[in-house]
Every structure is written in structure tokens, then in C-alpha cells.
Chemist: 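This is the structure, below, for whatever I ask next.
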Amino acid sequence: MNKLALSLAVIAGIVASACSGNQSASTGNAPAAAPAEATATTLNIRYIDADSITLHYNLAKDLNELQIRAFSKLENARQSRATEIQRFGQQIEQKMRSNGYLTEDSYNADVAKFNKMQQDAQNQLANMERNTQQEMAAQQQQLMDSIESFINSYNAVKGYDAILLRSAGVYFNPALDITQEVIDGLNARYNKVEESK
């Protein structure tokens, strides 16, 4: 999953859950016949930019770095196994051309070994890929939990009726942007955790 999809999915869920329990008493008690303009003026709404949070939140950057390393490790393992198998295949071919096989059984044994090497490599790489995906899912959950926890505590203090994603609308008044506040709060909390280790 790429960073943009990860950030949008993570933050959309967080914002929805963080704001769902924070309805203002004035909007909950509004008369049924109140005009739409009156209701809209009582809402206290802000927005955040998910891409900026993904780019500037230190935990997101650290997790992205871990994912890059995991993919690199997986790619190195693929290349290493492919080189090993290719080298053995070339040895079989060279031995065949130079009449190095004295019996058909010795040739068949090498071919069987070659096939087993391929199967073992496929199994090993499939396991590595599965483990990498599980680690990434756990990291995504960690990121989601961290942002959700912060948004919940942040909104408990601020008391907003809704915190929207910038990507959810066409235009938002820039004065309603709280992205930097959220990033600063997330990083302050994340750095404090790191320092205590």
C-alpha cells in the first residue's frame, strides 16, 4: 500500500471516530424546524491535511523508513536466490555441453536439485513477503492508533464539532486549518516516548 493510500485510509477512520462522540449540546438540542443557516453557524469545524501529517509526523516517517528497508531486504533476497539458481543452471548447461555427465542419473539428480532450489526459493520468498505484509499491517495499525489517540485527546480539549480531511472538500477557509497543530502535537508526544526509552 503506498503512502498516500495509507495516510488517507488511516486519517479518514481516525477523524470519523474522533469526532463522532464530540457533538455540541447546542446542535443536539436544536429545534427540528430550525433553518439550515442557523445550524451551520453553530458548528465549530476544522480540517487537517492527511498528506502533510504523513510527511511530517515522525512516527509515520520512521515507519516508512522501516517499510523501505523491509522491501529492500526482500528484493535483495530475491536477487540473491535468483543469482544462485541461475549459476547452478549454467553449471548444469556447461557440464552437459562438455559431456561432463557420465550417466543420465547424475544429470537427473542435478536437474532435481535445480528444481528443488527453485521451489525452496519460491517458498522462502513467499514467507518473507507474507511476514513483511504482516509487519506493515501492524505498523499501519500502530500509526492509526497513535493518530486516533492524539486526535481524541486534542479534540477533548478543543471541543470541535468536526475535524475534516482537506481532501474531503473543494474549498476550506485556510483559517480553519489545524494540520500544523496536530503535527506538532503528534511529534511532541512521539518524541517524548522515544526519549524515555
Chemist: For Asp120, what residues pass the salt bridge (Lys or Arg N to Asp or Glu O under 4.0 Å) criterion, not counting sequence neighbours?
Modeler: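 Salt bridge (Lys or Arg N to Asp or Glu O under 4.0 Å) list for Asp120, sorted by chain: Lys116.
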
Chemist: Show every salt bridge (Lys or Arg N to Asp or Glu O under 4.0 Å) that has at least one partner inside residues 126-144, sequence neighbours left out.
Modeler: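 Qualifying pairs: Arg78-Glu129.
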
Chemist: For Gln142, check side chain to side chain contact (heavy atoms under 4.5 Å, CB included) against everything at least two apart and list the hits.
Modeler: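 Gln142: side chain to side chain contact (heavy atoms under 4.5 Å, CB included) contacts with Leu59, Leu63.
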
Chemist: Which residues pass the side chain to side chain donor-acceptor pair (under 3.5 Å) test with Tyr47, sequence neighbours left out?
Modeler: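 Scan of Tyr47 (side chain to side chain donor-acceptor pair (under 3.5 Å), adjacent residues dropped) gives none.
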
Chemist: Could you tell me which residues satisfy salt bridge (Lys or Arg N to Asp or Glu O under 4.0 Å) with Lys158, sequence neighbours excluded, listed by chain and number?
Modeler: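 For Lys158 the salt bridge (Lys or Arg N to Asp or Glu O under 4.0 Å) partners, ignoring immediate neighbours, are Glu181.
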
Chemist: Which other residues belong to the hydrophobic cluster containing Tyr171, where Ile, Leu, Val, Met, Phe, Trp and Tyr are joined when side-chain heavy atoms lie under 4.5 Å apart, directly or via other members?
Modeler: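 Tyr171 shares its hydrophobic cluster with no other residue.
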
Chemist: For residues 87-94, which side-chain donor-acceptor pairs fall under 3.5 Å, sequence neighbours excluded?
Modeler:
| from | atom 1 | to | atom 2 | distance (Å) |
| --- | --- | --- | --- | --- |
| Glu93 | OE2 | Arg97 | NH2 | 2.3 |

Chemist: Could you pull out all residues at least two apart from Thr132 that satisfy side chain to side chain donor-acceptor pair (under 3.5 Å)?
Modeler: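 Per chain and number, Thr132 pairs via side chain to side chain donor-acceptor pair (under 3.5 Å) with no residue.
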
Chemist: Tell me every residue that passes side chain to side chain donor-acceptor pair (under 3.5 Å) with Thr103, counting only those two or more places apart in sequence or in another chain.
Modeler: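 Applying side chain to side chain donor-acceptor pair (under 3.5 Å) to Thr103 gives Ser106.
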
Chemist: Just to verify, what does Asn108 make a side chain to side chain donor-acceptor pair (under 3.5 Å) with, not counting sequence neighbours?
Modeler: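 Applying side chain to side chain donor-acceptor pair (under 3.5 Å) to Asn108 gives none.
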
Chemist: Residues in salt bridge (Lys or Arg N to Asp or Glu O under 4.0 Å) with Glu65, at least two apart?
Modeler: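 Listed in chain order: Arg69.
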
Chemist: Please enumerate all residues that pass salt bridge (Lys or Arg N to Asp or Glu O under 4.0 Å) together with Arg81, with sequence neighbours excluded.
Modeler: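 Glu84.
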
Chemist: Looking only at the side chains, is there a donor atom on one of Arg189 and Ser149 sitting less than 3.5 Å from an acceptor on the other?
Modeler: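 Distance-only check passes for Arg189 and Ser149.
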
